[in-house]
Number of protein chains: 2
Amino acid sequence: MQPTTLAAVRRTSFADMPCSVARSLEVVGEWWTPLIVRDALFGVRRFEEFQARLGIARNVLAQRLDQLVEEGVLVRVPYQERPVRHEYRLTDKGRDLWHVLTALRQWGDRWVAPDGPPVRLLHERCGRTVTAVPVCSHCGEELRPQELRPTRGPGFRPIGVGDEHIATG
Amino acid sequence: MQPTTLAAVRRTSFADMPCSVARSLEVVGEWWTPLIVRDALFGVRRFEEFQARLGIARNVLAQRLDQLVEEGVLVRVPYQERPVRHEYRLTDKGRDLWHVLTALRQWGDRWVAPDGPPVRLLHERCGRTVTAVPVCSHCGEELRPQELRPTRGPGFRPIGVGDEHIATG
DNA sequence: ACCTTGAGTTGCTTCATGCAACCCACTACT
DNA sequence: AGTAGTGGGTTGCATGAAGCAACTCAAGGT
């Protein structure tokens, strides 16, 4: 036994960072989690189906599902009695992750899909295979990163203990 | 020594899954990696600055930067001789991750920012604080997940060994 | 002859993942 | 009645990853 106790070294949490990117990652940033959400958006609901499609370890899947339920991304609802069995359904909060998954998919289609996109999206409204283009919520122009300047919002807090740092967003 | 060798249990790679979401996560899905990219998009370039802003362990930061360089998201370029020092700059591939980070930020602003968005985006073209809205690349209508049907693309491959499974995207 | 700076590397400790085996509540067959 | 099957997990163990502090290395400054 040493006089000084060793600090418990668990993975750093992003939850307290004053940044919505970091806080989102706290919810869906772990290994496997985004793929679970992807499959849920695709219609998967049951433990066994997640497990079979993903090839994820059962204990890890159980832990991730619990966590997503706790964070309000999924709800666990019974789908039969005798024996009682549950399935996992997306909440509105979970369904809203569609944008994140779509952005990831499009980046992957462009940069890490040597054989072309494995899946394409058919827009039923116009009947074409399409991609998502981000436009300005106010003027409708296509958004280009260079034309956007980050400014402080109501939840702003400087990084670190003092105020000597700039914002991160 | 046992007759059967224990399998090396490293974290499952997503690289071989026929899905652009999974392949993207292979590049930017690890703990800390998206925050490094966020800061890089914000203008951070040097090891010490990443380290100080993120509070990440130095060995982990070094490993992540190496990985991002290897995957072509960053390039390592000297910024001075005597002694030679390098900085990390985003490539086009890296800059294109802006969409993913923006989607994460907007989700976080909506669902996990009790005090409101820490950072807002000012669109210099129209002068307003705005958000990104995904619209159809063909018809320009706002995209709603229910109106999009996933179809097979050129890179399609069924999950698993046989063809008995359906696509994942 | 030291102290400082930027950028890592090394050692060691604990956490997270992967894997296989096991458990439990029932239902269905024989 | 006894046994096998099914869906949904839990338990134990081995190894990779994350956190932390200390150390290195090549200059430059004083």
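So you know, we letter chains A, B, ... as the sequences are listed, proteins then strands, and number each from 1. For clarity, every value in this text was computed on a predicted model and none was experimentally measured.
- Nearer the 5' end of DNA chain D, as judged by each residue's closest nucleotide, is the contact made by Glu87(A), out of Glu87(A) and Val60(B).
- For Glu30(A) and dC15(C), the CD to P distance is 15 Å, given to the nearest whole Å.
- Between the C1' atom of dG7(D) and the CZ atom of Arg46(A) lies a distance of 9 Å, rounded to the nearest Å.
- A donor-acceptor pair is defined here as one N or O able to donate and one able to accept, closer than 3.5 Å; no such pair exists between the side chain of Glu142(A) and the backbone of Pro134(A).
- Side-chain proximity of Trp31(B) to dT17(C), dA7(C), dA18(D): nearest is dA18(D).
- Here dA18(D) is the nucleotide among dC20(D), dG18(C), dA18(D) with the atom lying nearest to any side-chain atom of Arg11(A).
- Distance Ile56(B) CD1 to dA18(D) C1': 9 Å, rounded to the nearest Å.
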Check against side chain to side chain contact (heavy atoms under 4.5 Å, CB included), Ile36(A) and Leu68(A):
CA-CA 9 Å; Ile36(A) 292 170; Leu68(A) 287 170; 3.9 Å; yes
Considering only nitrogen or oxygen atoms on both sides, find all protein atoms under 3.5 Å from nucleotides 26-30 of chain D and state each distance.
{"unit_1": "dG28(D)", "atom_1": "OP1", "unit_2": "Arg82(B)", "atom_2": "O", "d": "3.3"}

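- In this structure, Gln51(B) places its CD atom 14 Å from C1' of dA18(D), rounding to the nearest Å.
- Rounded to an integer number of Å, the gap from CD of Glu49(B) to P of dT5(C) is 16 Å.
- Atoms CZ and SG, from Arg125(A) and Cys136(B) in turn, are 9.5 Å apart once rounded to the nearest 0.5 Å.
- Rounded to an integer number of Å, the gap from Gln80(A) CD to dG7(D) P is 9 Å.
- At whole-Å resolution of the value, CZ in Arg45(B) and P in dA7(C) are 13 Å apart.
- Salt-bridge formation is detected for the pair Asp92(A)/Arg95(A): a Lys NZ or Arg NE/NH1/NH2 atom is positioned less than 4.0 Å from an Asp or Glu carboxylate oxygen.
- With a 4.5 Å cut-off on side-chain heavy atoms, Phe42(A) and Val119(A) do not count as touching.
- Among the heavy atoms of the strands lying under 4.0 Å from Tyr79(A) are primed sugar atoms or P, OP1, OP2 only; no base atom is included.
- Comment: Arg76(A) does not engage Glu70(A) in a salt bridge, judged by the lack of any side-chain N to carboxylate O separation of less than 4.0 angstrom.
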What nitrogen or oxygen pairs link the protein and nucleotides 8-10 of chain C at under 3.5 Å?
{"unit_1": "dG8(C)", "atom_1": "OP1", "unit_2": "Arg76(B)", "atom_2": "NH2", "d": "3.1"}
{"unit_1": "dG8(C)", "atom_1": "OP2", "unit_2": "Tyr88(B)", "atom_2": "OH", "d": "2.8"}
{"unit_1": "dG8(C)", "atom_1": "N7", "unit_2": "Arg58(B)", "atom_2": "NE", "d": "2.9"}
{"unit_1": "dG8(C)", "atom_1": "N7", "unit_2": "Arg58(B)", "atom_2": "NH2", "d": "2.9"}
{"unit_1": "dG8(C)", "atom_1": "O6", "unit_2": "Arg58(B)", "atom_2": "NE", "d": "3.2"}

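- In this structure, Ser24(B) contributes its side chain and Ser20(B) its backbone to a donor-acceptor pair below 3.5 Å.
- Using a 4.5 Å cut-off between side-chain heavy atoms of Ile, Leu, Val, Met, Phe, Trp and Tyr, with links allowed through other members, Trp31(B) and Val21(B) fall into the same hydrophobic cluster.
- An OP1 or OP2 oxygen of dA17(D) is reached within less than 4.0 angstrom by no side-chain nitrogen or oxygen of Trp32(B).
- Once rounded to the nearest 0.5 Å, the distance linking OH of Tyr79(B) with CD of Glu87(B) reads 7.5 Å.
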